[in-house]
Amino acid sequence: MIKVKKLFKTFGSQTVLHGVDFEIKPGEILVIVGESGSGKSVLLQHMIGLLRPDSGSVVIADQDISRLSEQKLLKVRKDMGYLFQGGALYDFMTVFENVAFPLREHTRMKRNAVMTKVQDILKLVGLDAAEGKFPSQLSGGMQKRAALARAVIMDSRILFCDEPTSGLDPIKSRSIMDLIHTIARKLKCTTVIASHDIVNSLRIADRIVLIRQGTIVAQGTPDQLRSSQDAYLQEFFN
Ligand SMILES: Nc1ncnc2c1ncn2[C@@H]1O[C@H](COP(=O)(O)OP(=O)(O)O)[C@@H](O)[C@H]1O
Ligand SMILES: [Mg+2]
């Protein structure tokens, strides 16, 4: 589904990605974990075509997106949903309008169909009672739920999440990660999450890749990584 091949990226004198190599299978939930500054967000930005690599490639459904024109990239991106740090909801729109926005912008769905679809997804994320509220009236956890609903409203085949638990307390962190898991399974989307939240990543991931200073130093199932004898992995996962 997604292949990241020998990805290199340097900003000025700082090489942030040192030949990153890994694959994601269709329908898989893959979590990229690593210390702050290890290159997780930069890697995600390459996977959605916001940054272009110095060398290497990102192949999604047989297309090398690192070399596509902006126009073709826009088409590929329509099949991707993103939940980014900050949530980025529109302050001047209600929860309902925020979630409906991509449908109104990119489809010709009828009013009633939009309403049904948005209400269904809001129910799924537990926000059906909050559809008329504005983002400023929501808690941090509810804002993330609304952003998640908007990220998946287009039935994208791939969902990208960057630090979905940032700014949330442990209980809300657990609950948003569980919700991502539930939604990914229900909608059968391939899901890529960058997170420093090890505990929850180990709980919901099918596979984890560990990035350190711009290189993947380990990958495997949560059980495989937890039971590794490697000192850095032990410190990281236990
Ligand atoms: N657009 C950019 N220009 C220059 N340096 C950047 C840029 N984006 C990220 N960096 C640097 O790349 C490194 C990795 O950043 P990032 O991918 O955000 O780490 P994290 O793993 O915490 O998400 C950091 O040292 C950061 O300062
Ligand atoms: Mg980051």
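When a ligand or atom number is given, it counts from 1 through the structure's own listing order. Numbering of residues begins at 1 and proceeds along the displayed sequence.
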| Looking only at N/O atoms, are V42 and ligand 1 under 3.5 Å apart anywhere? | yes
| query | Do any nitrogen or oxygen atoms of G37 come within less than 3.5 Å of a nitrogen or oxygen of ligand 1? | reply | yes
Taking atom [atom1] as the centre, does [X] end up with more than 12 heavy-atom neighbours from other residues, nucleotides or ligands that are less than 6.0 angstrom away?
X: R157; atom1: CZ; answer: no
X: N238; atom1: CG; answer: yes
X: K117; atom1: NZ; answer: yes

| Is the backbone N or O of M177 less than 3.5 Å from a side-chain atom of H181, with the two atoms forming a donor-acceptor pair by type? | no
| query | Would you call the rings of Y90 and F101 parallel, tilted or perpendicular, where under 30° means parallel and over 60° means perpendicular? | reply |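 Rings of Y90 and F101: perpendicular, as their planes differ by over 60°.
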| request: State whether any protein heavy atom lies less than 4.0 Å from atom 26 (C) of ligand 1. | output: no
| Same apolar cluster (I L V M F W Y, side chains within < 4.5 Å links), M93/V118 |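 They do not share one cluster, since no chain of ILVMFWY contacts under 4.5 Å joins M93 to V118.
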Need the ligand 1 atom indices (1-based, order shown) with element for anything under 4.0 Å from a heavy-atom of [X].
X: E35; answer: 21 (O)
X: S36; answer: 22 (O)
X: Q14; answer: 11 (C), 13 (C), 24 (C), 25 (O)

| query | Is it true that some N/O/S atom of S36, main chain or side chain, lies under 2.8 Å from the Mg ion (ligand 2)? | reply |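 Here the distance criterion (N, O or S atom, under 2.8 Å) is not met by S36, so no.
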| task | Report the residue from V31, L225, I32 that forms a side chain to side chain contact (heavy atoms under 4.5 Å, CB included) with S201. | result | V31
For [atom], which protein heavy atom lies nearest, and how many Å away is it?
atom: atom 6 (C) of ligand 1; result: F11 CD1, 3.4 Å
atom: atom 18 (O) of ligand 1; result: S41 CB, 3.6 Å
atom: atom 12 (O) of ligand 1; result: V16 CG2, 3.2 Å

